[in-house]
2 protein chains.
Amino acid sequence: MDTLNLNKHISAQFNAELEHIRTQVMIMGGLVEQQLTDAITALHNMDSELARRVIADDQKVNRMEVEIDEHCVKIIAKRQPTASDLRLVMAITKTISELERIGDVAEKISRTALEKFSQQHQPLLISLESFGQHSVEMLHEVLDAFARMDLEAAIEIYQADKKLDQEYEGIIRQLMTYMMEDPRTIPNVLTALFCARSIERIGDRCQNICEIIFYFVKGQDVRHLDGDKLDQFLTNNTN
Amino acid sequence: MDTLNLNKHISAQFNAELEHIRTQVMIMGGLVEQQLTDAITALHNMDSELARRVIADDQKVNRMEVEIDEHCVKIIAKRQPTASDLRLVMAITKTISELERIGDVAEKISRTALEKFSQQHQPLLISLESFGQHSVEMLHEVLDAFARMDLEAAIEIYQADKKLDQEYEGIIRQLMTYMMEDPRTIPNVLTALFCARSIERIGDRCQNICEIIFYFVKGQDVRHLDGDKLDQFLTNNTN
């Protein structure tokens, strides 16, 4: 009986630990989402104070990654999880790495907001605003799907990345016309262009988090599946 | 005595498994290095056959990542490693993710080699060749350091990334002059420019692998340390 109680206790304690790191991931996700939102606002309003705050707060995101990672390694060493518990821990270590990189994009966008854009060149950045907003929405949705480990939502988000890619292509074309019309704009346009590329990469990182959700829920690693097999996976798991 | 033998056997078996995934990482690293070398050659010679081979072989790199990752999870579940064994397994899962992304860069460079560059624009790509070569050298050295888990070599490589960054800045400046002189070159120059940026990111990924070596050897996660603390770490561990 004692042993049973002890086991129960250990298990409850273990559950609490797993719950704790899951919560930490959600807090980290919330922080990254805020950072990205603020970065885009800073870019739109050329708000250098807000941009500087985002850059300074990137350290918080980084620290959270290291702390959660340490926590995961401790749980593996101490609790020796198997099956879905182990999948959860592995899913978390991979997710926080993606979140940290999205945090880096927020920092990069903020650095763009600090550059000296003349009044005449600000329209370049405005075209990035709605694009940036769409990346924030995608991040918000994927964090929500992660919190609920919602396979169907993850599939939907995964497929929606195409739209972000198309938007990106449009922005690149638009930015190129500025450069061609007036070569003096080239350095500024390049800054905007690298910024656009970073935002487009957020979509890819969100797709990676979707794949992590697939892995956790289905126990299947779909990374790098060829097009047909991936389509089959996506179709089979959609109602 | 039986138990002892059994333990020994289990341990020897476990060692063999760890050795096996380490070897797999080195094979994957070798393949990625070859892919990168071929991609740069294909770009330099505008060799579309070689470029297509690199693109096709990226699937091999991807498959290796998934296989090694599965292997790591199995080892954790079955062997419940702790201390330096666990650090090694975690180090491997992170390293293969970096290698896979370097493989993606090789694929991207090869796609650039397939684009239609007119004879007149080929000098754009030539400027990328020595830059690309330097990134291959960095990758080669970091794989070597990883194989030996050589802390000092990793520190040296980590610090050498500065040179790659400076080279990148120079290339960007050079490419901008082409665009300014003749706006018709803009689309081609942008392709070269994105290619340069991908190569520069290889340096960052090699730095990440150095950090993984630091983590394995010293048990300390130095990611995101602020400049002073990082310098202190690097100095304290250099003879």
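Quantities reported herein were computed from a predicted structural model and do not represent experimental measurements. The chains referred to below are lettered A, B, ... by the order of the sequence lines, with proteins before strands, and numbering in each begins at 1.
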Colleague: What option among B:Glu70, B:Gln80, B:Arg63 has the most heavy-atom pairs under 4.5 Å with chain A?
Modeller: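 Heavy-atom pair counts peak at B:Gln80.
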Colleague: Show the nearest heavy-atom pair for residues B:Thr82 and A:Ala77, with the distance to one decimal.
Modeller: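 Heavy-atom minimum between the residues: CG2-O, 3.8 Å.
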Colleague: Under 4.5 Å between any side-chain heavy atoms of B:Tyr215 and A:Val73, yes or no?
Modeller: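 Heavy-atom side-chain distance check passes, below 4.5 Å.
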Colleague: Under the criterion side chain to side chain contact (heavy atoms under 4.5 Å, CB included), which of A:Leu225, A:Val222, A:Asp221 is the partner of B:Val66?
Modeller: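 Exactly one pass, corresponding to A:Asp221.
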Colleague: Can you tell me which of A:Thr93, A:Leu193, A:Asp85, A:Asp226 forms the most heavy-atom pairs within a distance under 4.5 Å of chain B?
Modeller: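 The candidate making the most pairs under 4.5 Å is A:Leu193.
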Colleague: Against chain B, label A:Glu100 side chain, backbone, both or neither, depending on which of its atoms sit under 4.5 Å from a heavy atom there.
Modeller: side chain
Colleague: For each of A:Glu181, A:Glu65, A:Met90, A:Lys78, tally heavy-atom pairs with chain B at distances under 4.5 Å, and name the one with the top tally.
Modeller: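 With the most close heavy-atom pairs to chain B, the winner is A:Glu65.
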Colleague: Please report the closest heavy-atom contact between A:Gln59 and B:His224, naming both atoms and the distance.
Modeller: OE1-O, 3.4 Å
Colleague: To the nearest 0.5 Å, tell me how far A:Met176 CE sits from B:Met179 CE.
Modeller: 10.5 Å
Colleague: If a pair satisfies ring-ring contact (aromatic ring centres under 6.0 Å, His included) and one of its residues is in residues 58-99 of chain A, list it, with sequence neighbours excluded.
Modeller: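 Residue pairs passing ring-ring contact (aromatic ring centres under 6.0 Å, His included), neighbours aside: A:His20-A:His71.
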Colleague: How long is the straight-line distance from CE of A:Met180 back to CD1 of B:Ile186, given to the nearest 0.5 Å?
Modeller: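 If I round to the nearest 0.5 Å, the distance is 5.0 Å.
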Colleague: At a 4.5 Å cut-off on heavy atoms, which part of A:Arg87 comes close to chain B: side chain, backbone, both, or neither?
Modeller: neither
Colleague: With only heavy atoms counted, which part of A:Lys94 is less than 4.5 Å from chain B, the side chain, the backbone, both or neither?
Modeller: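 Contact with chain B involves the side chain of A:Lys94 alone.
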